[in-house]
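To start, the structure itself, in structure tokens.
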Amino acid sequence: MKKIIITGGAGFIGSHVVRRFVKNHPEYHIINLDKLTYAGNLANLKDIENEPNYQFVKGDIVDAAFIQNLFEQEQPYAVIHLAAESHVDRSIVNPLEFVMTNVIGTVNLLNAARHIWKDKYNEHRFYHVSTDEVYGTLGEDGMFTETTAYDPHSPYSASKASSDHFVRAYHDTYGMDVVISNCSNNYGSFHFPEKLIPLAIHNIKQNKAVPVYGKGENIRDWLWVEDHARAIELIFHEAKTGTTYNIGGHNEWKNIDLITLLCSILDRKLGRTEGESAKLITFVTDRAGHDLRYAIDATKLKNELGWTPSVTFEEGLEKTVDWFLQNEEWLNDVTSGNYQQYYQSQYANR
Ligand code: NAD
Ligand code: TYD
């Protein structure tokens, strides 16, 4: 059976990718390699943990010797690499952590793959899951395409840009079969409540202030996580070697409009009067180096592989809010302990 190592499979997007591969592909044995940082949670995979084609391995991609041993032992057919430090605000506080996991960790995986795959690269595949933030920021017009020049601004996006470059370098230098996808902002179930949408849902639910950075005029292009996972499955199987695809849903929202919509959805679902939750909106000091606008042109993915999003934003957001309301225990678990300290340090004096 072909073994696939999926890194970061206990995180938000990774858990959706692991679930999809385990359920749709009995022909693969899926090894979920994850360090279980604050963002990794095996509760995200409870429904598939006993499947015969699934296995969890706890480990750190920064540990080169561990990674090399694992690859020698398991002889994976392919790698789908999602493990990363993923939150821009945390990268502003501790950039080195992002260099270690996102850059060094990625190079360790590439080296381990190279070590066992050399001379037979055409039988294997290294898929790097990346972000549109590598392209920097847009003004009012235009969209990111696959040929937009890299221009990252945050330590997070700089680390992801660097890892993208290393992945391409292993293709160009050694002939490794690689594919990269750069996706816009995701939302959906199991989203850690440090990111805007789950943080806002959590706070609105608790009648706590909803922090909106600056004037709330920054624009993000939101995609339902299941549609991202479906795109990854498709690209993994169909993309030509060395290809990059942008993934996005043509779904741009100003932060303030998005939060206002979320407030009204929660008013309705929580039986509050219309406008009650919106009173929680609180403008706070802006993020340093805050990118104004992201927007993805996903035409290449649509034309070449036939992918389009399966839900509208309104549908996806409804599903997401319902999931968070129905999974209180998950939300309580991930927001106890260290989360409280994190929240204080980010928001107390803002
Ligand atoms: P996440 O923070 O929810 O999960 C990251 C996972 O990686 C966690 O399970 C964590 O335990 C694991 N991890 C972190 N450091 C590790 C290490 N050193 N060794 C092994 N495992 C480690 O992230 P996410 O939002 O699910 O993002 C997944 C990937 O998708 C990332 O590469 C991110 O850059 C990319 N991406 C995210 C978005 C988004 O909107 N969230 C959009 C585009 C691309
Ligand atoms: P985020 O979810 O952190 O994703 P990213 O920075 O990777 O795009 O933030 C989405 C947008 O929401 C971004 O413009 C920053 C803003 N934001 C807030 O206004 N308040 C918050 O508490 C957070 C976490 C983000």
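Order of listing sets the numbers, starting from 1, for every ligand and every atom in it. Predicted, not measured: the structure shown is a model, and the values here were computed from it.
With no hydrogens or angles considered, a side-chain donor-acceptor pair links S154 and S157 at under 3.5 Å. For the residue pair Y342 / H87, a side-chain donor-acceptor distance below 3.5 Å is found, with atom types taken as modelled. Looking at E123 and Y77, their side chains never bring a donor and an acceptor atom within 3.5 Å of each other. For the residue pair Y38/R90, the side-chain donor-acceptor check at 3.5 Å is satisfied. Side-chain contact of Y343 with T335: a donor-acceptor pair under 3.5 Å is absent, judged by distance alone. With no hydrogens or angles considered, a side-chain donor-acceptor pair links Y245 and E304 at under 3.5 Å.
In this structure, atom 7 (O) of ligand 2 lies nearest to the protein heavy atom E133 OE2, 2.5 Å. The protein heavy-atom contact nearest to atom 4 (O) of ligand 1 is G11 CA, 3.5 Å. When only non-hydrogen protein atoms are considered, atom 22 (O) of ligand 2 lies nearest to Y347 OH, 2.7 Å. The protein non-hydrogen atom at the shortest distance from atom 18 (N) of ligand 1 is D60 OD1, 2.8 Å. Scanning all protein heavy atoms for the shortest distance to atom 25 (O) of ligand 1 gives F12 CD2, 3.7 Å. In this structure, atom 32 (O) of ligand 1 lies nearest to the protein heavy atom K160 NZ, 2.6 Å. Looking only at protein heavy atoms, the nearest one to atom 21 (N) of ligand 1 is K35 N, 3.1 Å. Here the protein heavy atom with the shortest distance to atom 8 (O) of ligand 2 is R220 NE, 2.7 Å. For atom 11 (O) of ligand 1, the closest non-hydrogen atom of the protein is D34 OD1, 2.5 Å. Of all protein heavy atoms, the one lying nearest to atom 5 (C) of ligand 1 is A84 O, 3.4 Å.
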Audit row: W224, F313, ring pair (Phe, Tyr, Trp, His ring centres under 6.0 Å) steps and yes/no: CA-CA 8 Å; W224 190 45; F313 191 45; over 10 Å; no
In sequence, state the C-alpha distance, the side-chain angles, and the governing distance for K58 and D34, and then conclude on salt bridge (charged side-chain N to carboxylate O under 4.0 Å, His left out). CA-CA 5 Å; K58 187 170 191 289; D34 198 297; over 6 Å; no
Determine whether E74 and K3 satisfy the following criterion, salt bridge (charged side-chain N to carboxylate O under 4.0 Å, His left out), listing intermediate values before the conclusion. CA-CA 7 Å; E74 300 294 350; K3 291 183 178 177; 2.7 Å; yes
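Nearest-residue assignment for atom 21 (C) of ligand 2 (options F192, Y156, Y213; heavy-atom criterion): Y213. Nearest to atom 16 (C) of ligand 2 by heavy atom, out of V212, N255, V284, is N255. Taking only non-hydrogen atoms, the option from L292, D291, L196 nearest to atom 12 (O) of ligand 2 is L196. Closest heavy-atom approach to atom 36 (N) of ligand 1 among the candidates L109, I13, V225: I13.
Assignment of Y156 to the shell around ligand 1 is supported, since a heavy atom sits closer than 4.0 Å. Under a 4.0 Å heavy-atom criterion, S15 is not in contact with ligand 1. Ligand 1 lies nowhere less than 4.0 angstrom from a heavy atom belonging to G105. Remark: distances from the non-hydrogen atoms of T7 to ligand 1 are all 4.0 Å or more. Within the 4.0 Å heavy-atom cutoff, S184 counts among the residues contacting ligand 1. Using a 4.0 angstrom heavy-atom cutoff, H290 counts as in contact with ligand 2.
Polar contact with ligand 2: present for P211 (N/O pair, distance under 3.5 Å). At under 3.5 Å, not a single nitrogen or oxygen of E194, backbone or side chain, sits near a nitrogen or oxygen of ligand 2. Residue N218 has no N or O atom closer than 3.5 Å to an N or O atom of ligand 2. Ligand 2 has an N or O atom lying under 3.5 Å from an N or O atom of R287, backbone or side chain. Of the polar atoms of D89, none of the N or O atoms is found under 3.5 Å from an N or O of ligand 2, judged by distance alone. Geometrically, ligand 2 and L199 share no nitrogen or oxygen pair separated by less than 3.5 Å. Checked against a 3.5 angstrom limit, the closest N/O atoms of L82 and ligand 1 fall inside it.
Near N185, the atoms of ligand 2 lying under 4.0 angstrom from a non-hydrogen atom of the residue are 4 (O), 5 (P), 7 (O), 8 (O). Near N185, with a cut-off below 4.0 Å to any heavy atom, the atoms of ligand 1 are 40 (O). Annotation for ligand 1: atoms under 4.0 Å from non-hydrogen atoms of L36 are 11 (O). Heavy-atom contacts of G40 reach the following atoms of ligand 1: 8 (C), 9 (O), 11 (O) (cutoff under 4.0 Å). Heavy-atom proximity to V129, at under 4.0 Å, picks out these atoms of ligand 1: 30 (O), 32 (O). Residue S86 approaches ligand 1 through these ligand atoms, each under 4.0 Å from one of its heavy atoms: 1 (P), 2 (O), 23 (O), 25 (O). Close approach of ligand 2 to H87 (heavy-atom distance below 4.0 Å) involves ligand atoms 3 (O). The atoms of ligand 1 that sit less than 4.0 Å from any heavy atom of G59 are 19 (N), 20 (C). Close approach of ligand 1 to S130 is summarised as follows: ligand atoms under 4.0 Å from at least one heavy atom of the residue are 43 (C), 44 (C).
Taking OH of Y121 as the start and CG of D177 as the end, the distance is 11.0 Å to the nearest 0.5 Å. Separation of atoms NE2 (H202) and CD (Q206) is listed at 4.0 Å; rounding is to 0.5 Å.
Residue contacts with ligand 1 for H87 are absent, since no atom lies close enough (heavy atoms, distance under 4.0 Å). Here N41 has no heavy atoms under 4.0 Å from ligand 1, in either its backbone or its side chain. Counting heavy atoms closer than 4.0 Å to ligand 1, residue Y38 contributes nothing at all.
Comment: R20 engages E233 in a salt bridge, judged by a side-chain N to carboxylate O separation of less than 4.0 angstrom. Residues K319 and E226 are not paired through a salt bridge, judged by the lack of any N-O separation under 4.0 Å between the basic side chain and the carboxylate. With respect to the salt-bridge test (charged N to carboxylate O, under 4.0 angstrom), the residues K160 and E133 do not qualify. Using a 4.0 Å cut-off between charged side-chain N and carboxylate O, D89 and R287 make a salt bridge. Taking the charged nitrogens against the carboxylate oxygens, K269 and D322 do have a contact shorter than 4.0 Å, which makes a salt bridge.
Aromatic ring centroids of F236 and H81 lie 6.0 Å or more apart.
For the side chain to side chain contact (heavy atoms under 4.5 Å, CB included) with L33, the qualifying choice from D60, V79, I61 is I61, the only one to do so.
Cation-pi geometry between R114 and F126 is not met: the NZ or CZ atom fails to fall both under 6.0 Å from the ring centre and inside 45° of the normal.
Using a 4.5 Å cut-off on side-chain heavy atoms (C-beta onward), N182 and Y150 make contact.
With sequence neighbours left out, K205 forms a salt bridge (Lys or Arg N to Asp or Glu O under 4.0 Å) with E328.
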